[in-house]
Amino acid sequence: MAGAPRAHPSPGATRGRVRSAPYLFLLPAGLLFAVFFALPIGYAIWLSLHRIEVKGLGLGSGARQEVWAGLANYTAALTDSELGRGALRILGYGAIVVPVMLGLALLFALLLDTERVRARSFSRLAIFLPYAIPGVVAAMLWGFLYLPDVSPFHYVLGELGLPRPDLLDGGPLFLALSNIAVWGGTGFNMIVIYTSLRSIPAEVYEAAKLDGATPLQIALRIKIPMVAPSLVLTFFFSIIATLQVFSEPTTLRPLTNGIPTTWSPLMKVYNDAFVGGNVYAASATAVVLAAATFVLSFGLLRASNSGASDSGASGSGRKQGRIR
């Protein structure tokens, strides 16, 4: 007995399944994004538009009510002098950290990419290792090295009769905090730049050597321009990390009186929310910081893209001129 003919799916049904397949694969990531990213942001915005209204002495049920505040919390955040001072501190901190950290990362990556380097794997691991140490642990280790009573550096300087600066107060505090960030973040940026260097074809270097280029000329005229996208990427990461600095000053704060509770904008958000108990003002400040970070990152990205487009157009014009 012959079996019944199999029913083949119509072309429309097949196309429908093919079109819906990518969305099914994206569904888990979309759910995680919504639950752990979009919803918290939406809740923070909702809190920032409300406030607590206290009736009478604030005792009994219904004495404290959540009411609509509009943009009052945002007005208070933007006119808060403590937030402005914290932003200025972060600008000074970033002016030290970002160029020094990226400069060292680029230097180490170029040194590791040379032909005559020895112990390449060990050196790469040694430079990257501080990044694997949690920020709180690193800040605590450096804090005890800075503390005059227990620091071996202060002991050695005292034995030599040299002045012993207090790195946890005044102007040196910026250098002390910046040193922790540079020590911990250089290795990560170095790995990003070094990976980009290793992807450059060897034929490019061979052609440059045949033209008589020295190693320094190869580094300046070939390697650095070709890893420019990696430099831009690490620059964005560094800017965002600088705006979000929190663990280092918070960890060092018990060791010194030179770090206020609002030293950085994120420390002010934490202080308002969990010390002052005003989660509504803290939410408004957090939204302002997030918006400032987004605008700054977007502006820097647009500027870098426009610069790359202009350089590409000028390069094409030079090539056409040579062809003519």
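Worth saying up front: this structure is predicted, and the values here are computed from it rather than measured. No hydrogens, no waters, no symmetry mates; every other heavy atom, side chains included, goes into these values.
A side-chain donor-acceptor contact under 3.5 Å links H154 to the backbone of P165. Side-chain atoms of N271 never come within 3.5 Å of backbone atoms of G276 as a donor-acceptor pair (strictly under, hydrogens ignored).
Taking all atoms of both residues into account, the shortest heavy-atom contact from M190 to A105 is N-CB, 3.6 Å. When all heavy atoms of T242 and S238 are compared, the pair lying nearest together is OG1-O, 2.7 Å. Between M101 and A181 the shortest heavy-atom distance is SD-O, 3.8 Å. Here the closest non-hydrogen pair linking A138 and W183 is CB-CZ3, 3.7 Å. Nearest heavy-atom pair across G258 and L173 is O-CD2, 3.6 Å. A126 approaches P130 most closely through the heavy-atom pair O-CD, 3.4 Å.
Applying the 4.5 Å side-chain rule to ILVMFWY residues, one finds L32, V35 in the same cluster as F36. Counting Ile, Leu, Val, Met, Phe, Trp and Tyr side chains that sit under 4.5 Å apart, directly or through other members, L39 stands alone, with no cluster partners. Counting Ile, Leu, Val, Met, Phe, Trp and Tyr side chains that sit under 4.5 Å apart, directly or through other members, L125 stands alone, with no cluster partners. F122 belongs to no multi-residue hydrophobic cluster, having no ILVMFWY side-chain contact under 4.5 Å with any other such residue.
Taking 4.5 Å as the limit, every side-chain heavy atom of Q65 sits out of range of all side-chain heavy atoms of I52. Counting only heavy atoms from C-beta outward, the side chains of V245 and I90 approach each other to under 4.5 Å. Looking at L102 and L231, their side chains never come closer than 4.5 Å, going by heavy atoms from C-beta outward. Considering only heavy atoms from C-beta on, Y23 stays 4.5 Å or farther from L27 through its side chain. Inter-residue side-chain proximity for F153 and L167 is flagged as unmet; no heavy-atom pair is nearer than 4.5 Å. Between K209 and I218 there is a side-chain heavy-atom pair separated by less than 4.5 Å. Within the 4.5 Å cutoff, the side chain of K223 has no heavy atoms near those of the L106 side chain. Put simply, the side chain of P163 does not reach to within 4.5 Å of the side chain of L157, judged on heavy atoms.
Counting only residues at least two apart or on different chains, the side chain to side chain donor-acceptor pair (under 3.5 Å) pairs with a member in residues 248-264 are E82-T262. Sorted by first and then second residue, the ring-ring contact (aromatic ring centres under 6.0 Å, His included) pairs involving residues 210-251 (not counting sequence neighbours) are F246-Y270. Screening residues 261-276 for salt bridge (charged side-chain N to carboxylate O under 4.0 Å, His left out), with sequence neighbours left out, gives D80-K268, K268-D272. Sorted by first and then second residue, the ring-ring contact (aromatic ring centres under 6.0 Å, His included) pairs involving residues 206-234 (not counting sequence neighbours) form an empty list.
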Can you list, pair by pair, the side-chain donor-acceptor contacts under 3.5 Å of residues 196-207, counting residues two or more places apart and other chains?
residue, atom, partner, partner atom, Å
S196, OG, S230, OG, 3.2
R198, NH1, D113, OD1, 3.2
S199, OG, S196, O, 2.6

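No path of Ile, Leu, Val, Met, Phe, Trp and Tyr side chains, each step under 4.5 Å between heavy atoms, connects V295 with L71, placing them in separate hydrophobic clusters. One hydrophobic cluster holds both L78 and I45 under the rule that ILVMFWY side chains link at heavy-atom gaps under 4.5 Å. Under the 4.5 Å side-chain contact rule for hydrophobic residues, V232 and V97 share a cluster. If you chain together hydrophobic residues whose side chains sit under 4.5 Å apart, I96 and F188 fall into the same group. In the hydrophobic clustering of ILVMFWY residues, with side-chain heavy atoms under 4.5 Å counting as a link, W142 and L104 come out together.
With rounding to the nearest 0.5 angstrom, the CG atom of N189 is 10.5 Å from the CZ atom of F128. Here the straight-line distance linking atom CZ of F108 with atom CZ of R124 works out to 14.5 Å at 0.5 Å rounding. To the nearest 0.5 Å, the span separating CD1 on I133 from CD1 on I180 amounts to 12.0 Å. For the atom pair N278 CG and N73 CG, the distance stands at 7.0 Å (nearest 0.5 Å). Taking CD1 of I259 as the start and CG of L252 as the end, the distance is 5.0 Å to the nearest 0.5 Å. With rounding to the nearest 0.5 angstrom, the OG atom of S151 is 9.5 Å from the OH atom of Y146.
With sequence neighbours left out, the side chain to side chain contact (heavy atoms under 4.5 Å, CB included) criterion links D166 to P148, L168, D169. Residues satisfying the side chain to side chain contact (heavy atoms under 4.5 Å, CB included) test with F37, not counting sequence neighbours, are F33, I41. L88 pairs by the side chain to side chain contact (heavy atoms under 4.5 Å, CB included) definition with L91, not counting sequence neighbours.
Shown here is R120, whose CZ atom has more than 12 heavy atoms of other residues, nucleotides or ligands within 6.0 Å.
Ring geometry for F294 against F298 counts as parallel: the plane angle stays under 30°, on a 0 to 90° scale with 60° as the upper cut.
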Would you check, one step at a time, whether the test side-chain hydrogen bond (donor to acceptor under 3.5 Å, both in side chains) holds for Y74 with S48? CA-CA 8 Å; Y74 290 97; S48 68; 2.5 Å; yes
